[in-house]
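These notes are about the structure you will find just below.
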Amino acid sequence: MSWEKVKLNDICSSIYDGDHNAPPKSDTGVPFVTISNIDAADGSIDFSNTAHVPNSYFESLKPERRPRPGDVLYSVVGSFGIPSLVKDQKPFVFQRHVAILRPNDRIEPEYLYYSMKSRNFYHWADSVAIGAAQRTVTLGQLREKTIALPPLPAQQRIAGVLSAYDKLIENNRKQIKLLEETAQRLYKEWFVDLHFPGHETTPHPQRHTRGMGANDSWKDLRVDKGFVKAG
């Protein structure tokens with residue numbers, strides 16, 4: 001069975017970008033997300049270091065520019081080609097360099113996200129982006145872009161399989177990060193603080209005991225069975 005080819009404009013109720021006016025700044029309020037806050041690998045948004053705008057500004061935006069679960073963000077200026085699936089109700093706003101697509105009932109949001117994350121979709125964006133210093137994929141180009149659209153049950157199966165792989169990759173990334181943090185702590189403990197196994201009975205320049213004279217230095221030492229020892 002061949003899949004239907006459809007334009008994004010036909011499977012989205014709206015395709016907009018962020019507000020083109022400079023947003024007012026605030027010490028607290030609603031996070032203001034830029035492309036740098038979006039992880040290119042998994043599309044997750046880091047809210048830990050964003051600027052903020054007043055709640056009143058967020059409320060003044062058109063509903064189509066206020067993200068909600070199921071929307072897909074897509075960077076369109078500069079570092080274009082990064083999609084992000086909005087998964088929760090956390091309010092935030094975003095710069096005009098980011099587009100927001102709101103899927104209609106013809107397409108599964110996760111399927112749209114993975115379609116836009118594909119290599120083919122990025123190659124298309126790279127081929128149509130205009131400009132030099134700040135290459136841009138226009139909203140008009142995005143609305144006219146076609147993708148393959150299988151029936152909804154197939155969309156859900158495809159999205160389910162890819163989502164399961166993404167979760168596995170994310171879990172592995174978290175484990176690797178924990179291992180790296182553990183290695184860094186051990187390095188500091190052993191080689192900076194010199195609290196390595198057996199450090200209590202091992203001479204070093206900060207503790208002149210067990211045969212080391214006050215004039216000994218590291219160049220006078222040799223390694224014996226894994227421990228530093230006076231030469």
Side-chain angles (χ1 to χ4, degrees), residues 2-21 23 31-47 50 61-62 64-87 92-150 152 154-156 158-163 165-167 169-170 173:
S2 60
W3 293 351
E4 183 182 4
K5 293 283 189 177
V6 297
K7 295 180 180 179
L8 292 183
N9 203 44
D10 295 329
I11 54 172
C12 293
S13 59
S14 63
I15 299 177
Y16 279 87
D17 55 7
D19 189 8
H20 286 218
N21 297 318
F32 178 72
V33 170
T34 66
I35 294 176
S36 63
N37 298 121
I38 303 175
D39 190 311
D42 61 13
S44 60
I45 300 176
D46 180 8
F47 292 100
T50 64
L61 294 174
K62 295 178 64 170
E64 293 86 353
R65 282 191 166 118
R66 282 182 271 168
R68 69 186 191 189
D71 288 348
V72 177
L73 305 182
Y74 189 74
S75 62
V76 291
V77 178
S79 299
F80 61 82
I82 303 173
S84 175
L85 179 65
V86 181
K87 297 180 180 180
F92 66 93
V93 299
F94 50 91
Q95 66 180 149
R96 66 180 183 85
H97 293 177
V98 177
I100 179 170
L101 296 85
R102 183 154 295 163
N104 60 27
D105 57 7
R106 295 183 62 190
I107 187 167
E108 185 73 21
E110 277 193 322
Y111 178 80
L112 175 59
Y113 164 71
Y114 284 113
S115 295
M116 299 182 75
K117 190 179 180 181
S118 70
R119 182 173 299 177
N120 286 342
F121 200 99
Y122 178 81
H123 288 332
W124 164 81
D126 189 39
S127 69
V128 302
I130 60 175
Q134 288 276 64
R135 298 180 65 204
T136 301
V137 178
T138 68
L139 293 184
Q141 292 168 332
L142 206 54
R143 292 177 178 126
E144 292 297 309
K145 174 69 172 98
T146 61
I147 64 170
L149 188 72
L152 274 172
Q155 293 178 38
Q156 292 164 351
I158 292 169
V161 170
L162 295 176
S163 177
Y165 276 112
D166 267 357
K167 289 176 182 176
I169 292 170
E170 178 60 21
R173 288 176 63 187

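None of the values given here were measured: they were computed from a predicted structure.
The main-chain N or O of I82 is never found under 3.5 Å from a side-chain atom of S84 such that the two would form a donor-acceptor pair. Under the 3.5 Å distance criterion, the side-chain polar atoms of S75 are matched with a main-chain donor or acceptor of G81. In this structure a side-chain-to-backbone donor-acceptor pair under 3.5 Å is present from R66 to L61. Using a distance-only test at 3.5 Å, with no hydrogens or angles considered, a donor-acceptor pair links the side chain of Q155 to the main chain of R106. Here the side chain of R102 pairs no donor or acceptor atom with the backbone of Y16 at under 3.5 angstrom.
Once rounded to the nearest 0.5 Å, the distance linking CD1 of I15 with CD of E144 reads 9.5 Å. Here the CD1 atom belonging to I147 is positioned 3.5 Å from the CD1 atom belonging to I11, to the nearest 0.5 angstrom. The distance from atom CZ of R143 to atom CG of L139, rounded to the nearest 0.5 Å, is 5.0 Å. Atom CG of residue L149 and atom OH of residue Y111 lie 6.0 Å apart, to the nearest 0.5 angstrom. Atom-to-atom distance recorded for L85:CG and S44:OG is 11.5 Å, nearest 0.5 angstrom.
Y114 places none of its side-chain heavy atoms less than 4.5 Å from the side chain of P83. No side-chain heavy atom of I35 sits under 4.5 Å from any side-chain heavy atom of F94.
Not counting sequence neighbours, D10 has no partner by the side-chain hydrogen bond (donor to acceptor under 3.5 Å, both in side chains) test. Annotation: salt bridge (charged side-chain N to carboxylate O under 4.0 Å, His left out) contacts of K145 (sequence neighbours excluded): none.
Of all non-hydrogen atoms in G18 and R96, the two that sit nearest each other are O-CB, 3.5 Å. Residues Y113 and D42 share a closest heavy-atom pair of OH-O, 3.1 Å. Looking at every heavy atom in both residues, L152 comes nearest to D105 through CD1-O, 3.7 Å. For the pair Q134 and T136, the tightest heavy-atom approach, listed with the atom from each and the gap, is O-OG1, 3.1 Å. For A129 against V137, the heavy-atom pair with the smallest separation is CB-CG2, 4.2 Å. Here the closest non-hydrogen pair linking P109 and G70 is CB-O, 3.4 Å.
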Next on the checklist: Quick one, M116 with L101, criterion side chain to side chain contact (heavy atoms under 4.5 Å, CB included). Give me CA distance, side-chain angles, the key distance, then yes/no.
Outcome noted: CA-CA 11 Å; M116 299 182 75; L101 296 85; 3.9 Å; yes
Checklist entry - For R135 and V77, what are the C-alpha separation, side-chain angles and deciding distance, and is it a side chain to side chain contact (heavy atoms under 4.5 Å, CB included)? => result CA-CA 6 Å; R135 298 180 65 204; V77 178; over 6 Å; no
Next on the checklist: If you apply the rule side chain to side chain contact (heavy atoms under 4.5 Å, CB included), what do you find for I100 with V86, and how did you get there?
Outcome noted: CA-CA 10 Å; I100 179 170; V86 181; 5.9 Å; no
Checklist entry - Going through the checks in order, is the side chain to side chain contact (heavy atoms under 4.5 Å, CB included) test met by D46 and D39? => result CA-CA 8 Å; D46 180 8; D39 190 311; over 6 Å; no
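With V98 as the fixed residue, the side chain to side chain contact (heavy atoms under 4.5 Å, CB included) test singles out one of T34, L73, V76: L73.
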Compile the donor-acceptor pairs under 3.5 Å between side chains in residues 118-125 and protein atoms, sequence neighbours left out, one pair per line.
{"unit_1": "S118", "atom_1": "OG", "unit_2": "S115", "atom_2": "O", "d": "2.8"}
{"unit_1": "S118", "atom_1": "OG", "unit_2": "F121", "atom_2": "N", "d": "3.2"}

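Between K62 and D19, none of the side-chain N atoms (NZ, or NE/NH1/NH2) sits under 4.0 Å from a carboxylate O, so this pair counts as no salt bridge.
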